[in-house]
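Below, chain A is the first sequence line, B the second, and so on; all start at residue 1.
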2 protein chains.
Amino acid sequence: MPIHSYHHGDLRRTLLEAAASSIEINGVDALSLRQLARDAGVSHAAPSRHFRDKQALLDALAEDGFNRLAASLEEATQGAPTTSTEARRRFDDLARSYVGFALAQPTLLSLMFSLKHAPSARVELLAAGHASMALTMRVVVAAQEIGAIGPGDPQRIALVAFATFHGVAILASGGLLDEVPAADLVATASELFWNGLQS
Amino acid sequence: MPIHSYHHGDLRRTLLEAAASSIEINGVDALSLRQLARDAGVSHAAPSRHFRDKQALLDALAEDGFNRLAASLEEATQGAPTTSTEARRRFDDLARSYVGFALAQPTLLSLMFSLKHAPSARVELLAAGHASMALTMRVVVAAQEIGAIGPGDPQRIALVAFATFHGVAILASGGLLDEVPAADLVATASELFWNGLQS
DNA sequence: CATCTTTGTTGTCAATGTCAACATCGCGGT
DNA sequence: ACCGCGATGTTGACATTGACAACAAAGATG
C-alpha cells in the first residue's frame with residue numbers, strides 16, 4: 001500500500017486500537033473522535049464511515065473487551081478437572097485471570113460494565129458478557145460433577161462467583177484496597193467462596 | 001426570598017440535586033453545566049462559582065453518594081448482635097442495603113467507583129468510601145466476637161464481602177442476571193459467604 | 001455608611017460531535 | 001476492457017459545550 005493512498009486500508013481497526021490505548025491513558029471522557037482521526041492521519045469526518053457516532057465506537061470497544069475477557073478466562077480454565085485439588089485450582093485461576101485482566105485495562109473494564117450503552121448495542125454486549133458467565137458456570141459444574149463442591153443451582157453460584165471476581169477487580173483497580181495486595185485478596189476471596197461451596 | 005433576586009440563594013445544592021437526578025435519567029455523559037444553569041434559572045457561567053469545572057461537580061456528586069451510602073448502610077446495621085442468628089441477619093441486611101442503594105441510583109454508584117476523579121478529589125472520595133468499608137468491618141468483627149463466624153483478618157474478610165456486594169449490585173443494575181431476581185442472588189451471595197466464614 | 005468578598009451576568013473562544021455535499025477508490029458485471 | 005456503483009474519505013458548516021475574563025449586584029463586616 002502506498003504511503004499516501006486516498007483510502008486508509010484498515011481505519012476501523014486502527015481507530016479501535018488507538019481508542020483502546022487512549023482511554024487507558026487519558027480516561028474515557030477525554031476520548032475525541034477528531035483527535036483519533038488526526039492520529040490516524042485522516043480527516044475529522046472519516047471515523048463516521050465506521051462508527052455512526054461516538055457511542056457506537058465505545059460500544060464496539062466494550063464488545064471487543066468482553067470477547068478478549070472471555071478468551072482470557074477460557075485460556076485459564078481449559079480441560080476438565082479430575083480431582084478436587086484440580087477443580088479448586090481452576091477456580092483460583094479463573095479469579096486470577098479476571099482480576100489480571102481488570103488491572104491490565106481498568107478503564108476498559110469500567111466501560112464494559114457502564115450503563116451508557118445504546119439499547120441496540122446492549123443486546124450484543126449482553127451476549128458477549130454471557131460467554132464469560134458461561135465459562136464460570138462451566139467451572140462450577142465441572143467441580144460439582146466430581147464432587148469437589150456441594151450441589152446447588154450452578155447458574156446462581158456462577159453469578160455470585162462472577163460478581164465476587166468483578167467486585168475484587170473493581171476495588172483493586174480503584175485503589176481501594178489500602179495496602180492489601182490484590183493477589184492476597186483474590187486468594188482470600190477464592191478461599192472463602194470455595195469454603196462456602198462445601199457441604 | 002423574592003421571586004427574582006440577583007442571587008439564587010442555594011445554587012450549589014440546587015445544582016447538585018438537579019445533577020443527581022439528571023444523570024440517572026439521561027446518563028452522566030449527557031450532563032451539561034449550561035443545561036443545569038438554565039434549569040436553575042441562572043446564567044451559563046454561574047455554576048463556575050460553586051464548582052471549578054465539570055469534574056469538580058462530578059466529584060462532589062460522588063462524595064455525596066458515598067456519604068449517603070454510608071448512612072444507608074449504617075441504618076441497616078445498628079446495634080450489637082448477641083446471637084449468631086442476629087449477626088447473620090445484620091450481614092444480610094448490609095448486603096440488601098447495598099444492593100438496594102445500587103438499584104435505586106445505578107448511575108451514581110457507577111460514578112462513585114469510576115476512575116476519572118481528579119487526584120485532589122480522590123483523597124476525599126477514598127475517605128468517604130472508607131466509612132462504608134469500616135461499617136462492613138464492624139459487622140464482621142461483631143460476628144467474630146460472639147463466635148458467629150470463625151477467626152481471620154477482619155479487614156480482608158470485610159473487603160471481600162464489600163466486593164461481593166458491589167459485584168452483585170453492578171450485575172443487578174446492569175441487567176446481567178437473566179431472570180434471576182436480584183433479591184435471590186443477594187440471598188445466595190450472603191449465604192455462600194457466611195458459609196465460607198464458618199470453621 | 002463605606003468597603004470588601006461573594007455570587008451572578010455578559011461576552012467570547014476553541015474544541016467537539018454531527019451532518020450534508022462532494023471526491024476518489026476499487027470491485028463486479030457486461 | 002470498461003463502466004457503474006457502493007464503499008470510503010474529504011471539505012465545509014453548524015449548534016452545543018466547557019472554560020475564561022471583565023463587569024455588576026448583593027450582602028456582610030467594620
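- Salt-bridge formation is detected for the pair A/Arg13/A/Asp10: a Lys NZ or Arg NE/NH1/NH2 atom is positioned less than 4.0 Å from an Asp or Glu carboxylate oxygen.
- Along DNA chain D, the nucleotide closest to B/Gln35 and the one closest to A/Ser43 are compared, and the more 5′ of them pairs with A/Ser43.
- When each of D/dT11, D/dT17, C/dG17 is scored by its nearest atom to the side-chain atoms of A/Leu33, the top-ranked nucleotide is C/dG17.
- A/Arg12 comes within 4.0 angstrom of nothing in the nucleic acid, heavy atoms only.
- Evaluation of atom-type donor-acceptor distances gives a pair under 3.5 Å for the side chain of A/His44 against the base of D/dG12.
- Rounded to a whole Å, the CZ atom of A/Arg52 is 14 Å from the P atom of D/dA7.
- When heavy atoms are screened at a 4.0 angstrom cut-off, B/Leu36 is found touching no nucleic acid atom at all.
- The distance between atom CZ of B/Arg34 and atom C1' of C/dT10, rounded to the nearest whole Å, is 11 Å.
- Note: CZ (A/Arg49) to C1' (C/dT18) measures 12 Å, nearest angstrom.
- One atom, CG of B/Asp29, and another, P of C/dT16, lie 16 Å apart when rounded to the nearest Å.
- A straight line from CZ of B/Arg38 to P of C/dT9 spans 14 Å, rounded to a whole angstrom.
- One finds a salt bridge joining A/Asp93 and A/Arg96 here, because a Lys/Arg side-chain nitrogen approaches an Asp/Glu carboxylate oxygen to under 4.0 Å.
- Rounded to whole angstrom, the span from the CG atom of B/Asp53 across to the P atom of D/dT17 amounts to 17 Å.
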Take A/Phe101 and A/Phe165, measure what ring pair (Phe, Tyr, Trp, His ring centres under 6.0 Å) needs, and give me the verdict at the end.
CA-CA 11 Å; A/Phe101 181 92; A/Phe165 301 159; over 10 Å; no
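- A donor atom on one side chain and an acceptor atom on the other are not found under 3.5 Å apart for B/Glu63 and B/Asn67.
- Residue B/Ala46 has its side chain nearest to C/dG8 when only D/dA21, C/dA20, C/dG8 are considered.
- Taking every side-chain heavy atom of B/Ala45 into account, C/dT10 is the closest of D/dG18, C/dT10, C/dA21.
- With rounding to the nearest 0.5 Å, the separation of OH in B/Tyr98 from CG in B/Leu69 is 5.5 Å.
- Among the nucleotides C/dC19, D/dT8, C/dG17, the one closest to any side-chain atom of A/Ser32 is C/dG17.
- At least one side-chain nitrogen or oxygen of A/His50 sits closer than 4.0 Å to the OP1 or OP2 atom of D/dG9.
- Atom pair A/Asp10:CG and C/dC25:P shows a separation of 19 Å (rounding to whole Å applied).
- Atom CG of A/Leu58 is separated from atom C1' of C/dG17 by 12 Å (rounded to the nearest Å).
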